[in-house]
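Comments concern the structure below.
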2 protein chains.
Amino acid sequence: MIHSMSTDLIQRLRLAGYKITPPRLAVLEVIQREGEHLNPQEILEQAQMIHAQTGRATVYRTLELLTQLGIVRPIYVGDNGPTYIRADGAHHHLVCSRCGRIVEFDACDADSMGCELETRFGFRITSHLLEFYGICPQCQATDASCSAETMADLPD
Amino acid sequence: MIHSMSTDLIQRLRLAGYKITPPRLAVLEVIQREGEHLNPQEILEQAQMIHAQTGRATVYRTLELLTQLGIVRPIYVGDNGPTYIRADGAHHHLVCSRCGRIVEFDACDADSMGCELETRFGFRITSHLLEFYGICPQCQATDASCSAETMADLPD
DNA sequence: CTCTTTAATGAGAATTATTCTCATTTGCTC
DNA sequence: GAGCAAATGAGAATAATTCTCATTAAAGAG
Ligand SMILES: [Mn+2]
Ligand SMILES: [Mn+2]
Ligand SMILES: [Zn+2]
Ligand SMILES: [Zn+2]
């Protein structure tokens, strides 16, 4: 079993009283190297490349566990099912209601807001998600360039 | 068919080329009077109080349609499935990763950020969702009051 | 108001995603 | 290395969502 998992995360599992097992290491590793938001099926497939016997149920169980420990977090984009990301760091999306297009943006002054909220509500905050919903430029163009009546193709 | 649906919303449907039907009016009305985030099952049940024959598939189809039109929007809280809300207005949540507790808060300076983003990306923005993730005061207390080793009850 | 066209509907089947069950295995402590 | 509870994987069971298709009815024309 080769793995390059951060000792820190392994410690967090161990200290919380959980056993360090190959499937857990595999799932953890898959999400750590995350360049994408992966769904449970994809996480299963990737985990199986690390530990071939990994079972589907265990992936679900591990995701639930890691979520409770605040290590990962489900994120929902459009009407796709849940995908999982590391629970640290922020996510900032512009979401088009019409076509589902997602644009990511960076700058965000939510962190200062987060500090106030920590004081006010006593939460210990580790990350945030900020999503703006609207219509993307492309869809605006489509809407504008033709009246609804003449758009035979709009309703499916 | 008694309904108190805003003429405006009905116009939006009509202009987009869709027919005004009892199930659509029913679903629309249920979400308009929303005091809660309702899931598809609950929306079906409520819609059936308005139009008894409303079918499940139609509720799903209508929710998809209204989402595309930017009238409603799915929102995911904890690991419950999707629930639907009006697409206008903002939502602000503090979410506890450990126990799933949700606290809503009001003040939010995301709107000004929204304006900048409209300029920068050309989106027409209608609403936003801002969620902070962390550990709630209660769960912090639990974690602190006993060391992991002695907490026989932590791992299920 | 009646007719025609075609989108929309509801029932139920089919599919997909998630959770549960239980016999077996395996980390971890001593 | 032995003992024990936690964890696992296979597959069954369940829940959520989508699809199919015969039927209905909204909208527009006349
Ligand atoms: Mn993202
Ligand atoms: Mn809310
Ligand atoms: Zn778009
Ligand atoms: Zn909590």
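Labels below follow one simple rule: chain letters A, B, ... track the order of the sequence lines, proteins then strands, and each chain is numbered from 1.
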When the distance from [atom1] of [X] to [atom2] of [N] is rounded to whole Å, what number comes out?
X: Asn80(A); N: dT16(C); atom1: CG; atom2: P; result: 15 Å
X: Leu13(A); N: dA7(D); atom1: CG; atom2: C1'; result: 13 Å
X: Tyr76(A); N: dT18(C); atom1: OH; atom2: C1'; result: 11 Å
X: Tyr18(A); N: dT29(C); atom1: OH; atom2: P; result: 15 Å
X: Asn39(B); N: dA17(C); atom1: CG; atom2: P; result: 19 Å
X: Arg14(A); N: dT26(C); atom1: CZ; atom2: P; result: 18 Å
X: Gln53(B); N: dA26(D); atom1: CD; atom2: P; result: 11 Å
X: Ile10(A); N: dC28(C); atom1: CD1; atom2: C1'; result: 15 Å

Using a 4.5 Å side-chain heavy-atom cut-off and chaining through intermediate ILVMFWY residues, the residues clustered with Val103(A) come out as Leu94(A), Phe105(A), Met113(A), Leu117(A), Phe121(A), Phe123(A), Ile125(A), Leu130(A), Phe132(A), Leu94(B), Val103(B), Phe105(B), Met113(B), Leu117(B), Phe121(B), Phe123(B), Ile125(B), Leu130(B), Phe132(B)

Students should find that the hydrophobic cluster of Met49(A), defined by side-chain heavy atoms under 4.5 Å apart, otherwise consists of none

Cation-pi between Arg73(A) and Tyr84(A): NZ/CZ under 6.0 Å from ring centre and within 45° of the ring axis? no

Looking at residues at least two apart in the chain, or sitting in another chain, which of them share a side chain to side chain contact (heavy atoms under 4.5 Å, CB included) with [X]?
X: Glu116(A); value: none
X: Ile102(A); value: Val77(A), His93(A), Val95(A)
X: Arg86(B); value: Ile31(B), Gln32(B), Glu34(B), Asp88(B)
X: Glu45(A); value: Gln41(A)

Contact string for nucleotides 17-25 of chain D, one letter per nucleotide 5' to 3', B = base within protein heavy-atom range under 4.0 Å, S = sugar-phosphate only, - = neither, reads BBBB-----

Suppose we screen for ring pair (Phe, Tyr, Trp, His ring centres under 6.0 Å). Which residues come up paired with Tyr76(A), at least two apart in sequence or across chains? Tyr76(B)

Assign each of Arg24(B) and Gln48(B) to its nearest nucleotide of DNA chain C by heavy atoms, then name whichever residue's nucleotide is nearer the 5' end. Arg24(B)

With clusters defined by side-chain heavy atoms of hydrophobic residues (ILVMFWY) lying less than 4.5 Å apart, directly or transitively, does Tyr60(B) cluster with Leu13(B)? no

Tell me which of Thr21(A) and Ile20(B) sits closer to the 5' end of DNA chain D, going by the nucleotide each one is nearest to. Thr21(A)

When the C1' atoms of the five terminal pairs at each end define the local axes, what inter-axis angle does the helix from dC1(C)-dG30(D) to dC30(C)-dG1(D) show, to 10 degrees? 50°

